[in-house]
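Remember, it's a predicted structure, so these values are computed and weren't measured experimentally. Just so we're on the same page: letters track the sequence lines, and every chain starts at 1.
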Protein chains: 2
Amino acid sequence: MLNIQELDSNRLEIAASMLKAIAHPVRVAVLKHLEGGKKLTVTEIHDLLGIEQSTTSHHLGILKDKGVLCSRREGKNTYYYLKHDILSQIVDCLQRCTCE
Amino acid sequence: MLNIQELDSNRLEIAASMLKAIAHPVRVAVLKHLEGGKKLTVTEIHDLLGIEQSTTSHHLGILKDKGVLCSRREGKNTYYYLKHDILSQIVDCLQRCTCE
DNA sequence: TTTACAGATGCAAATATATGAATATTTAGG
DNA sequence: CCTAAATATTCATATATTTGCATCTGTAAA
C-alpha cells in the first residue's frame with residue numbers, strides 16, 4: 001500500500017506513461033510473446049504479428065522508450081526483451097479480471 | 001501462463017482497452033484513491049484531484065465503461081469503486097518497476 | 001413545484017497517437 | 001569498396017483522446 005506522497009504527479013505521469021506504452025493490442029501481444037525472458041528480433045515479431053516492419057519498429061521503440069523493454073544488438077539483428085519480467089503479470093491480471 | 005489461443009485479437013483488444021482506460025495520470029490517481037474497496041463520489045474525486053467536475057465525470061465514465069469501476073447512486077450522489085480490487089495491483093506493480 | 005445540488009452528456013478545439021511508404025543507417029560478407 | 005539484410009527514422013495522413021464550457025437530467029428539500 002502506497003502513501004499519499006507516492007501519489008505525486010511525477011510518479012503518476014511515469015506510471016501512466018508506462019501503462020500507455022503497453023495499452024495497445026499490438027504491444028500487449030509483443031509482451032505476451034516475450035514472457036518468460038524470451039528475446040525476439042524485430043523481424044521475428046514482425047512475422048509473428050503480421051504487421052509492417054516499420055510499424056513493428058515503432059511499437060518496439062515506444063515500449064523501449066517507456067522502460068518496458070530492453071534491446072541488444074547482435075550483428076544485424078536487434079533482440080528485444082522484457083526489462084522486468086514481472087510486467088507480463090499485468091496482462092495476465094487483466095485477463096483474469098475479464099474472464100468472468 | 002497463457003496459451004496461444006488466448007492471444008487472439010479479441011482478447012488483445014479487451015486487455016488493451018482496459019489498460020488504456022487506466023493509462024492516464026488522472027485515472028491512475030483515481031484508482032489509487034479507491035484502493036482497498038473505498039467508495040468515493042464524483043465531487044469527492046473532483047475535490048481530491050483538483051480537476052473540473054465534467055472532466056472528472058468523463059474520466060470516471062471511461063473507467064466504468066471499460067469495466068475498471070462500478071458505480072452506485074445513493075440519493076444525489078454517485079459512488080464509484082473498483083470492480084476488481086486486484087486491479088490496483090497493476091499500478092503498484094508498475095511503481096515497483098520504476099523505483100530502481 | 002420551485003430551487004439547488006450532484007452528476008452526466010454534447011460539443012468543439014487542442015493535442016496526441018497510429019500507420020505505413022519512403023528513406024536512412026548499421027552491419028556482415030564478398 | 002559494394003551489396004544486401006536488418007533495423008531505425010522521417011514524414012504525412014488518418015484517427016483517437018483530452019479538456020472544459022454549456023447544458024441537460026435526476027434527486028432531495030423547502
Output yes when at least one side-chain N/O atom of [X] is less than 4.0 Å from OP1 or OP2 of [N], else no.
| X | N | result |
| --- | --- | --- |
| B:Y80 | C:dA6 | no |
| A:N77 | D:dA5 | no |
| B:H59 | D:dT19 | yes |
| A:H46 | C:dT19 | no |

So what does [X] hit on the nucleic acid, given a heavy-atom distance under 4.0 Å: a base, only sugar-phosphate, or nothing?
| X | value |
| --- | --- |
| A:H58 | base |
| A:S57 | base |
| B:Y79 | nothing |
| B:L60 | nothing |
| A:T78 | sugar-phosphate |
| A:T56 | nothing |

Notebook entry, point to check: Between A:K76 and A:S54, who's closer to the 5' end of DNA chain C by nearest nucleotide?
Noted result: A:S54
Value in whole Å for how far the [atom2] atom of [N] lies from [atom1] of [X]:
| X | N | atom1 | atom2 | result |
| --- | --- | --- | --- | --- |
| A:L69 | D:dT7 | CG | P | 14 Å |
| A:L63 | D:dA8 | CG | P | 12 Å |
| A:E52 | D:dA12 | CD | P | 19 Å |
| A:R72 | D:dA6 | CZ | C1' | 17 Å |
| A:R73 | C:dA28 | CZ | P | 8 Å |
| B:K20 | D:dA16 | NZ | P | 9 Å |
| B:K39 | C:dA6 | NZ | P | 20 Å |
| A:D65 | D:dT7 | CG | P | 19 Å |

Notebook entry, point to check: If you pin A:Q53 and B:A23 to their nearest nucleotides in DNA chain D, which one's is more 5'?
Noted result: A:Q53
Check: So if you build clusters from Ile, Leu, Val, Met, Phe, Trp, Tyr with side-chain heavy-atom gaps below 4.5 Å, do A:I62 and A:L34 land together?
Finding: no
Next item on the list: Measure the shortest side-chain to side-chain distance between A:T43 and A:N77 over non-hydrogen atoms and say whether it is less than 4.5 angstrom.
Entry: no
Check: Do you see a donor-acceptor pair shorter than 3.5 Å between the side chains of B:K64 and B:S71?
Finding: yes
Item checked: Any residue meeting ring pair (Phe, Tyr, Trp, His ring centres under 6.0 Å) with B:H46, in chain and number order, not counting sequence neighbours -> none
Margin query: Check this for me, if you would: do B:R72 and B:E74 make a salt bridge, where the nitrogen-to-carboxylate-oxygen distance has to be below 4.0 angstrom?
Written below: yes
